[in-house]
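Note sheet for the following structure.
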Amino acid sequence: MVHVREKHWADEIAGAILQVPGPHEISTGISPSGEIHIGNLREVITADVVHRALRERGAQAVLGYVADSFDPLRKVYPFLDAAVYREQIGRPLSEIPCPCGGHASYADHFLEPFLRSLERMRIQVKVYRADRMYKSGLLVPQIIQALKARDLIARILLECTGRQVEGDWSPFNPICQACGRMTETSVTGFSESAETVDYSCPCGGRGIASMRGGGKLTWRVDWPARWARIPVTVEPFGKDHATRGGSYDTGARICREVFNAPPPFPVTYEWISFKGMGDMSKSKGNVLSVHRMLEVLPPEVLRYLVVKTRPMRSIGFDPGLPLLSLVDEFDDAAAAGRDARALQLAGADQFTPVGVPFKHLVNVVQMADFDLDQAVVILRRNGYAVDDPAALKERAGYAIRWLREFAPPEVKFSVQRSLPPEARGLQPGQRRFLALLAAALRPEMTGEEIHELIYAVANEAGLEKGTAAFEAIYRAFLGRTKGPRAGWFLAFLERGFVTARLKEAAAS
RNA sequence: GAGCCGUUAGCUCAGUCGGUAGAGCACCUGACUUUUAAUCAGGGGGUCCAGGGUUCGAAUCCCUGACGGCUCACCA
């Protein structure tokens, strides 16, 4: 049964957005305070998919990505050198040193690999760097409006969140010129015409900060200021912002009442949780970076993971064995024409099918001892056409990296170069079986034929069950008792080597 | 305390405008003495969380409740 009119969530959202005339700007924003991870990716993919759906309907729409590079460093994260970064707390990410020394700033260190990942995922974004937005003076009008409306903003925060801000609170946080921090300063006055803010700092510093890069709006005001300035009409955000009294709630009121602009259409999404490790969190350090994920998963499959699930449902992600199923599910769905819209939005048309199940490829690369040319030879010898060797090698690369990074031990094996110790001391029946098998093997036999041969020979050797025969084979080649399907496994290996090893094990 | 999401086959989830309930995986059977997550064909499997309401008719709309997950300090 084929659903002719499949209604994907992206189309529903696009339909709702188009109630308001365009042009539209979909905005996403992530703070580059740490490794940008697969959870953050949900935001960008969600935005991208909505963007595509809007464009398909002929709407004028832009996809923007705001890197919050002007955010202050909140604390010394577990992955940072405390000696270096303790004194950087409170300073903007764009102004503090790169952890590896190879980038222009701390912010760039985390931003650059992420932007490269976006390219690989074919997500094209207009990048805004918050520090440049401020330094260029883009937000000066909003800063002035916010400073003037200080009391109104305080009342909105009180009404929405029940929290009374302190007496010296200001929506603008100037950077102290003496210590470089923006987290401790107090605003003592401002000049609209000079576009400056007067401040004092507990470090003893006092001075005048420019509204062009001399400080930043506090988060709850910064966000709506961007909405009004850019202007933003659609914004996806995590569920933490979606609670009543959360930053979307207050932001929407501030946007309307202070900046006189309509707030964007909200798209809330749930977390991606990392199976067995709980939620990913930058500050806890248990993250799976997008970059690392793209080493073990083709970009389309990563997109598919997000696209097939409605935004407000949580995604449990397991990079172990279930990852293989995810890849093959994607393949299957593509082959069977299932889930057509999700596949399309995932970019399946760009995906080169290789005709070999990923689970199987994981075995093949191990049989080939990680030699990709050999893997192609093996596959061809066993009835796989491999029309596109380059695509196959690329896919095999994912399998190899997955084996290295995430594979559970039971799926790993390696063909031993010399007779493993585990192959000694086999029962007489097993040795007889191996010898008979060596004699009966013919070069032209296929995996299936060898498989059947194993049963026939096991019988002949007096082994009652197949298990003992299989065990003998695995001990002789892998040094363990289990392994990939034996007939096909032996067929994959070089035939002369197989018979030699069988004889050797039979004789020992 | 406030709010959000969920509850449909063993598991993960679809289910359009309200019209007798679907897919994938798993399971069972066979092809075939078929280990190991092989392939193909076929098959079984449901109190749609509960109660009430609207309706000729409810998984679907409305109300109440239960259970589970989560969020509410600038963490997506």
Side-chain angles (χ1 to χ4, degrees), chain A residues 1-9 11-12 28-31 33-34 36-46 68 71-72 74-75 77 160-163 173 183 216-223 236-250 268-273 279-285 287 308-316 321-322 324-326 328-330 332-333 336 338-339 342 357 359-360 362-363 383 410-411 413 447-448 451-452 454-456 458-459 463-471 473-474 478 480-489:
Chain A
M1 201 56 63
V2 178
H3 292 279
V4 181
R5 272 193 312 157
E6 193 166 351
K7 203 166 186 186
H8 191 268
W9 56 263
D11 296 313
E12 278 175 12
T28 72
I30 294 166
S31 167
S33 59
I36 297 179
H37 54 77
I38 183 175
N40 300 120
L41 193 64
R42 186 166 199 180
E43 170 154 332
V44 189
I45 293 176
T46 302
D68 219 336
D71 236 17
R74 304 285 168 189
K75 62 178 203 180
Y77 298 107
C160 287
T161 69
R163 292 176 45 146
N173 298 322
T183 38
K216 178 183 192 292
L217 291 165
T218 191
W219 158 247
R220 292 223 177 206
V221 183
D222 181 62
W223 205 20
F237 46 82
K239 63 175 175 181
D240 53 331
H241 295 304
T243 308
R244 169 178 291 190
S247 37
Y248 180 77
D249 242 26
T250 55
T268 358
Y269 59 84
E270 253 281 359
W271 305 144
I272 294 181
S273 64
D279 289 342
M280 265 170 267
S281 162
K282 271 189 269 197
S283 52
K284 284 182 206 149
V287 301
K308 72 171 184 163
T309 311
R310 290 200 305 268
M312 279 186 289
R313 294 187 84 123
S314 64
I315 295 176
L321 278 180
L324 302 183
S325 304
L326 179 67
D328 285 333
E329 181 192 330
F330 180 81
D332 280 358
R338 236 185 297 122
D339 224 359
K359 279 174 200 162
H360 188 47
V362 164
N363 282 334
E410 64 268 23
V411 303
F413 64 86
E448 193 170 346
H451 189 78
E452 283 173 21
I454 290 170
Y455 277 94
N459 233 348
L463 296 178
E464 283 180 9
K465 294 205 129 195
T467 323
F470 290 114
E471 187 191 308
I473 292 169
Y474 297 131
L478 305 176
R480 39 190 282 185
T481 57
K482 299 208 166 197
R485 289 194 88 203
W488 287 263
F489 172 59

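Chain A is the first sequence line, chain B the second, and so forth, proteins listed ahead of strands; every chain is numbered from 1.
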Task: Base-pairing string, 5' to 3', of RNA chain B - Watson-Crick or wobble, under 3.5 Å, | interstrand - done: (((((((..((((.....[..)))).(((((.......))))).....(((((..]....))))))))))))....

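At a cut-off of 3.5 angstrom, the base of U35(B) holds at least one donor-acceptor pair with the side chain of Y474(A).
The side-chain contact (heavy atoms from CB on, under 4.5 Å) check on T218(A) picks up W169(A), N173(A), V221(A), with sequence neighbours excluded. Listed by chain and residue number, nothing satisfies the salt bridge (charged side-chain N to carboxylate O under 4.0 Å, His left out) test with D249(A) (two or more places apart in sequence, or in another chain). Residues satisfying the side chain to side chain donor-acceptor pair (under 3.5 Å) criterion with E329(A), sequence neighbours excluded, are Y304(A), K308(A). Judged as a side-chain contact (heavy atoms from CB on, under 4.5 Å), and not counting sequence neighbours, T243(A) has no contacts. Taking Y269(A) as the reference, E43(A) meet the side chain to side chain donor-acceptor pair (under 3.5 Å) condition, with sequence neighbours excluded. Legend: residues meeting side chain to side chain donor-acceptor pair (under 3.5 Å) with R220(A), ordered by chain and number and at least two apart, are T250(A). Taking H241(A) as the reference, S247(A) meet the side chain to side chain donor-acceptor pair (under 3.5 Å) condition, with sequence neighbours excluded. With sequence neighbours left out, the side-chain contact (heavy atoms from CB on, under 4.5 Å) criterion links D328(A) to D331(A), P357(A), F358(A), K359(A). In this structure R480(A) satisfies the salt bridge (charged side-chain N to carboxylate O under 4.0 Å, His left out) test with no other residue, sequence neighbours excluded.
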Open item on the list: One character per nucleotide, please: for nucleotides 1-8 of chain B, 5' to 3', B when the base has a protein heavy atom closer than 4.0 Å, S when only the sugar-phosphate does, - otherwise.
Closed with: -SS-SSS-

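A donor atom on one side chain and an acceptor atom on the other are not found under 3.5 Å apart for H360(A) and N363(A).
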Taking only N/O atoms, report every protein-nucleotides 38-40 of chain B pair under 3.5 Å with atom names and distance.
from, atom 1, to, atom 2, distance (Å)
A38(B), N9, R485(A), NH1, 3.2
A38(B), N3, R485(A), NH1, 3.3

